[in-house]
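Right, one structure below, let's go through it.
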Amino acid sequence: MSRRLRQFLSPLIDENPITLQILGICSALAVTTSMTTALTMSAALTAVLMASSGIISALRRHMPKQIRLILQITIIASLVIVTDLILQAYAFEISKRLSIFVSLVVTNCLVLGRAEAFAMHNPPGPSILDGLGNGLGYSLILLIVGFVRELLGRGTLFGFEVLASVDTGGWFQPLGVMLLAPSAFFILGLLIWAIRAWRPAQVEENEYPLSARVEG
Amino acid sequence: MSELFLRAVFADNLVLSYFLGLCTYLAISKRLDTALGLAAAMIVVQTLTLPINFLIHQHLLLEGAWAWVGLPEVDLTFLKLIAFIGVIAAAVQMLEMALDRYAPTLYRALGIYLPLITVNCAILGGSLFMAERKYDFAESIVFGLGSGIGWAVAIALLAAIRERLRYADVPEGLRGLGITFVVTGLISMGFTAFASVTLP
């Protein structure tokens, strides 16, 4: 059981899909301007990832090798359509704010990547667990970035005021730049730096080391 | 029309302000020459698939599109996603075959990047934006060309900077992915400056 547990926990930080595997970054950052959208997106992705891992793993012996990609994409696309319709039915406001990004889960490399790398070779149980672990790892990064951006950009969390802003007579001057695209890149870059300072095993090798010897 | 084009290239740049196609953008930007090959493929595929997807969306999927066969209530918009992905995969496949036949040098230069484009979210994202913002046929061609060029400019810039970065002494934890994100943030910041540019 401890092996299962480790396999479930490792995608959270040690093998985080976003900061280490570079999977699923597309569509991850655009929804982080507020915690509400980040949380909704995380939930949608985790649900799709678990369901697709389970289904693909259950069908893995019946998929001919040549057409497996098309089958996988069709399964994922159907699940995404269902998720999108559920969101539109029960959370229309948020679904409007998420715009096209829920649909883009289809081309999210994380879902297809886990299907190819894990679900095709393992039984449904562990595959669903792997999907959940990777989904939570993705959610963790999304929520951290969303937390920083909403707190510093608006002074709110989930729409509730945390830091009293100047407009309402408080002291906090909201940093508008946090709501613009560049800040998401900076925060993620710095987050990766922080994680790698904590876990030096993740540091990338220097491909072009500077030599101390000066030639000529 | 030219304003839409400029917005698509700079202010509404797919990768720098909507984060679309980031995986490919980060993975294939280590060398300038491969990045340029991918950029060219991207422009062609984006300009091709957007108008095709527009026609399919307009004449097969939207509510009332089947009125001419006497089925005015049929609304197939929920199939949008699968239809768009299918069109993109087919367009890439056909482009591959056409290039192989008529321009083998270009085909070899693009190599594996062509099939990779099928799963690039920038392409699907472009088509979904086109449907969401209700562009017309001409606008969808302009938007396709503009957003393709915008993506190409962005990856060419990043690849050129990363080639120079090889000789920089980057802090250990920031090496590789981290510094790439910071550089992308800086490029993105530069591009937001274009947001206020309007044509006279």
Side-chain angles (χ1 to χ4, degrees), chain A residues 18-20 22-32 69-70 73-74 76-78 80-82 84-85 88 99-101 103-110 112-113 177 180-200 202-208 210, chain B residues 13 15-27 30 78-86 88-89 118-129 131-133 165-192 195:
Chain A
I18 294 186
T19 62
L20 193 69
I22 327 188
L23 288 177
I25 307 176
C26 351
S27 86
L29 290 175
V31 296
T32 51
L69 281 178
I70 296 181
I73 288 200
T74 316
I76 296 168
S78 317
V80 170
I81 291 175
V82 172
D84 198 20
L85 289 178
Q88 278 180 26
S99 155
I100 64 165
F101 291 100
S103 314
L104 281 176
V105 171
V106 176
T107 48
N108 193 318
C109 358
L110 175 55
L112 198 60
V177 73
L180 297 177
S183 69
F185 290 115
F186 292 136
I187 294 172
L188 195 51
L190 296 178
L191 190 63
I192 290 172
W193 192 4
I195 291 177
R196 289 183 183 178
W198 177 33
R199 292 282 161 94
Q202 294 189 12
V203 171
E204 283 170 51
E205 230 173 278
N206 196 350
E207 285 175 70
Y208 306 95
L210 298 174
Chain B
N13 189 296
V15 63
L16 295 174
S17 58
Y18 289 104
F19 313 99
L20 293 178
L22 256 186
C23 306
T24 336
Y25 181 76
L26 296 171
K30 279 192 176 154
F78 67 92
L79 285 180
K80 178 168 78 179
L81 214 50
I82 291 187
F84 285 179
I85 285 259
I88 292 167
T118 314
V119 286
N120 189 322
C121 10
I123 305 268
L124 183 65
S127 290
L128 290 169
F129 269 136
E132 195 189 70
R133 296 174 182 167
L165 269 183
R166 285 177 196 169
Y167 307 110
D169 192 12
V170 179
E172 233 175 39
L174 212 51
R175 204 184 289 149
L177 192 58
I179 192 70
T180 311
F181 267 115
V182 174
V183 168
T184 312
L186 290 172
I187 301 177
S188 163
M189 217 169 199
F191 271 57
T192 49

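In what follows, chains carry the letters A, B, and so on, assigned in the order in which the sequence lines appear, proteins first and then strands, with residues in each chain numbered from 1.
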Shortest non-hydrogen contact from B:L174 toward A:G189: CD1-O, 3.9 Å
From B:C121 atom SG to A:F101 atom CZ, the distance as rounded to the nearest 0.5 Å: 9.5 Å
Pairs of heavy atoms under 4.5 Å with chain B: top-ranked of A:P182, A:A184, A:A181: A:P182
From CG (B:L79) to CD1 (A:I81), nearest 0.5 Å: 6.0 Å
Contact class of B:L177 relative to chain A, heavy atoms under 4.5 angstrom: both
Leading residue by heavy atom contact count with chain A [cutoff under 4.5 Å; candidates B:T24, B:I179, B:L128]: B:L128
Under 4.5 Å from a heavy atom of chain A, the part of B:L124 involved: both
Contact class of B:I85 relative to chain A, heavy atoms under 4.5 angstrom: side chain
Non-hydrogen atoms of A:W193 and B:P171 that approach each other most closely: CZ2-CB, 3.8 Å
Spatial distance of atom CD1 (A:I100) from atom NZ (B:K80) [nearest 0.5 Å]: 9.0 Å
Nearest-0.5 Å distance, CZ of residue B:F78 to CG of residue A:D84: 12.5 Å
Residue part contacting chain B, namely of A:L191, when any heavy atom lies under 4.5 Å: neither
B:V183 portion near chain A, given a 4.5 angstrom heavy-atom threshold: neither
CG-OH distance between A:L104 and B:Y18, expressed to the nearest 0.5 angstrom: 12.5 Å
Heavy-atom closest contact (A:S103 atom, B:L81 atom, distance): CB-CD1, 3.6 Å
Interchain contact, B:L186 with chain A, by part (heavy-atom threshold 4.5 Å): both
Nearest heavy atoms of B:E172 and A:V203, plus distance in Å: O-CG1, 3.4 Å
Chain B contact via A:I70 - side chain, backbone, both or neither, heavy atoms under 4.5 Å: neither
Spacing of CE belonging to B:M189 relative to CZ belonging to A:F185, to within rounding of 0.5 Å: 12.0 Å
Top contributor to chain A interface from B:Y25, B:F129, B:F84 [non-hydrogen pairs under 4.5 Å]: B:F129
Closest contact, heavy atoms only, B:R175 versus A:R196: O-NH1, 3.5 Å
